[in-house]
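The structure appears right after this line, and notes come after that.
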There are 2 protein chains.
Amino acid sequence: MTQKLDAIFQALADPTRRAILVMLLEDDMAVTDVAAPFEISLAAISKHLGVLTQAGLIQQERRGRVKWCKLDPSAMHDAWNWMHGFGQFDQTDLDALELSVEALLSEPTAQK
Amino acid sequence: MTQKLDAIFQALADPTRRAILVMLLEDDMAVTDVAAPFEISLAAISKHLGVLTQAGLIQQERRGRVKWCKLDPSAMHDAWNWMHGFGQFDQTDLDALELSVEALLSEPTAQK
DNA sequence: TGGATCGTCAACCAAATGGTTGAATATCAC
DNA sequence: GTGATATTCAACCATTTGGTTGACGATCCA
């Protein structure tokens, strides 16, 4: 597990990679489209996507000549879980937490 | 903010540093005591503590010849907050969240 | 078939990282 | 003051990282 966390945090430590993740939050994207907003080479982006895939933060699927990238939140969740032990949540956090909980509780399938 | 997150995630990407943070969860510690369980040199631990301090994950305070290290959860919290947008929380998380919320709500000073 | 597009690979480079050792600086305790 | 303890500093080293460029293998389309 610690090796997995190494990879996840390492992947998250780069601003370009975090920006990519945020973009993928919006929608799945092809490699070329991921690269478009950045000034670095396509090969560099390709490497970043490799790092993210290795860390399990995204999944890549090839369809034809296009390789689609989609977010995989489960790895992020592992990191989140590890950090969770450290949080003494203050009021600000509490608000966010309550919103999350309430949203889930109000879903049709949810039950107390 | 992104530079701050760079530093935080970078700091968290090393297993030795994560282990140190877990140790400090238990109690504040002197540098030498932090170093004790590890096989690497004291100087290396000192560097790790520097990285953690730089990232804002711990605070160091010198008293006499001893430098005390204590956890500072606020930086962790920044990272946690960034990640929060990515989480589709499943039932397992919900349980943990509820516990946190309820614990806070049941504190004397807490109010709905 | 042939040209354009998508993406990776390989080789290379500079800078950062995690480690070492040995010397230096404070502080404490006698 | 002397010696032991706590911590950092400086110089060094090997490896990793994030980037480049140019060539390459697939795939689409006309």
Side-chain angles (χ1 to χ4, degrees), chain A residues 2-24 27-71 75 79, chain B residues 2-24 27-71 75 79:
Chain A
T2 89
Q3 285 165 253
K4 195 174 180 182
L5 288 176
D6 287 1
I8 294 170
F9 284 125
Q10 181 66 43
L12 293 176
D14 182 277
T16 302
R17 286 192 294 258
R18 285 201 309 279
I20 290 174
L21 291 175
V22 170
M23 290 166 58
L24 291 177
D27 219 339
D28 298 357
M29 297 178 80
V31 173
T32 306
D33 295 328
V34 169
F38 299 98
E39 290 186 341
I40 61 180
S41 69
L42 181 62
I45 295 290
S46 183
K47 279 194 195 175
H48 280 307
L49 291 171
V51 173
L52 289 169
T53 304
Q54 204 66 25
L57 288 160
I58 67 171
Q59 283 174 8
Q60 291 182 287
E61 178 196 357
R62 173 154 231 131
R63 270 205 300 278
R65 63 181 161 172
V66 172
K67 199 167 190 178
W68 292 92
C69 308
K70 68 187 282 271
L71 216 53
Chain B
T2 89
Q3 285 165 250
K4 193 174 180 183
L5 288 175
D6 287 0
I8 294 170
F9 284 125
Q10 180 66 42
L12 292 177
D14 183 278
T16 301
R17 286 192 294 257
R18 284 200 310 279
I20 291 174
L21 291 175
V22 171
M23 290 166 58
L24 291 177
D27 218 340
D28 297 358
M29 297 177 79
V31 174
T32 306
D33 296 327
V34 169
F38 299 98
E39 291 187 339
I40 62 180
S41 70
L42 182 61
I45 294 290
S46 183
K47 279 194 196 176
H48 280 306
L49 291 171
V51 172
L52 289 169
T53 304
Q54 203 65 25
L57 287 161
I58 67 171
Q59 283 174 8
Q60 291 181 286
E61 180 195 356
R62 172 151 233 136
R63 270 207 298 277
R65 62 181 162 174
V66 172
K67 200 168 191 177
W68 292 93
C69 308
K70 67 186 285 272
L71 216 52

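In what follows, chains are A, B, ... by sequence order, proteins preceding strands, each numbered from 1.
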How many whole angstroms separate atom [atom1] of [X] from atom [atom2] of [N]?
X	N	atom1	atom2	answer
A/D14	D/dT16	CG	P	18 Å
B/F9	C/dA16	CZ	P	21 Å
A/D6	D/dT16	CG	C1'	13 Å
A/L42	D/dT20	CG	P	10 Å
A/K67	D/dC28	NZ	C1'	18 Å
A/F38	D/dG18	CZ	C1'	14 Å
A/W68	C/dT5	CH2	C1'	14 Å
B/Q60	D/dT8	CD	C1'	11 Å

Exercise. Identify, between A/E39 and A/G64, the residue whose nearest nucleotide on DNA chain D lies closer to the 5' end.
Key: A/E39
Self-check item: Base D/dT7 paired with B/R65 side chain (donor-acceptor, <3.5 Å)
Solution: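 Not at all, since no donor on one side and acceptor on the other fall under 3.5 Å apart.
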Closest listed nucleotide, where the reference is the side chain of [X] and the choices are [options]:
X	options	answer
A/S41	D/dT8, D/dT21, D/dG18	D/dT21
B/R62	C/dG7, C/dG19, D/dT7	D/dT7
B/A43	C/dT21, D/dG19, D/dT7	C/dT21

Quiz item: Is there a donor-acceptor pair under 3.5 Å between the side chain of A/R17 and the backbone N or O of A/L12?
Solution: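 The answer is no, because no donor-acceptor pair under 3.5 Å joins these two groups.
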Practice problem: Would you confirm whether B/T53, through its side chain, and B/L49, through its main-chain N or O, come within 3.5 Å as a donor-acceptor pair? | Solution: yes
Practice problem: Please work out if A/R17 contacts a base, only the sugar-phosphate, or nothing of the nucleic acid, heavy-atom cut-off 4.0 Å. | Solution: sugar-phosphate
Quiz item: NA contact type, B/A30, heavy-atom cut-off 4.0 Å: base, sugar-phosphate, or nothing?
Solution: sugar-phosphate
Quiz item: With respect to the phosphate group of C/dT8, does any side-chain polar atom (N or O) of A/K47 fall under 4.0 Å of OP1 or OP2?
Solution: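 The answer is no; no side-chain N or O of A/K47 sits under 4.0 Å from OP1 or OP2.
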Practice problem: Would you indicate, yes or no, if D/dT7 has its OP1 or OP2 atom less than 4.0 angstrom from a side-chain nitrogen or oxygen of B/S46? | Solution: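 Looking at the OP1 and OP2 atoms of D/dT7, neither is under 4.0 Å from any side-chain N or O of B/S46.
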Quiz item: With side chains defined as the heavy atoms from C-beta onward, is the minimum distance between A/I20 and A/M29 less than 4.5 Å?
Solution: no
Quiz prompt | Any side-chain heavy-atom pair of B/F9 and A/R18 under 4.5 Å | solution = yes
Exercise. Answer yes or no: are there more than 12 heavy-atom neighbours, outside B/Q54 itself, under 6.0 Å from its atom CD?
Key: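 No.
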